[in-house]
Amino acid sequence: MREIFNGMPWWVKWVAVPVIALVVFGGLIATVVGFVIGLLFKALVFVALVGGLIYVVRKFTTSSSSRSDW
């Protein structure tokens, strides 16, 4: 395989082969990247919702305990 590539011009190795790989595997790459970005977005939303829930629970817990102190 290395002998075959040694006889080729530089643009075949560095331009044509990556372009062909992107055309062949482009859909797969886009699917994987989209899945990873979607997963990161869902994780960020999850963390924000859990943080908001903890904030609300602490807010109501401290305000209800101060009312019962009377």
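Along the sequence shown, the residues carry numbers beginning at 1. The basis for the numbers below is simple: all heavy atoms, side chains too, and nothing from hydrogens, waters or symmetry mates.
- The cluster map of Ile, Leu, Val, Met, Phe, Trp and Tyr, joined by side-chain heavy atoms under 4.5 Å apart, puts L40 and V50 in different clusters.
- Using a 4.5 Å cut-off between side-chain heavy atoms of Ile, Leu, Val, Met, Phe, Trp and Tyr, with links allowed through other members, V45 and V56 fall into different hydrophobic clusters.
- Remark: T31 OG1 to F25 CZ distance equals 13.0 Å, nearest 0.5 Å.
- Transitive grouping of hydrophobic side chains (ILVMFWY, heavy atoms separated by less than 4.5 Å) keeps V12 and V24 in distinct clusters.
- Rounding to the nearest 0.5 angstrom, the gap separating the NZ atom in K13 from the CG atom in N6 is 5.5 Å.
- For the atom pair CG of L49 and CG of L44, the computed distance is 9.5 Å after rounding to the nearest 0.5 Å.
- Atom CZ of F46 sits about 14.5 Å away from atom CZ of F41, to the nearest 0.5 Å.
- Hydrophobic clustering (ILVMFWY, side-chain heavy atoms < 4.5 Å, transitive): I20 and W11 are in distinct clusters.
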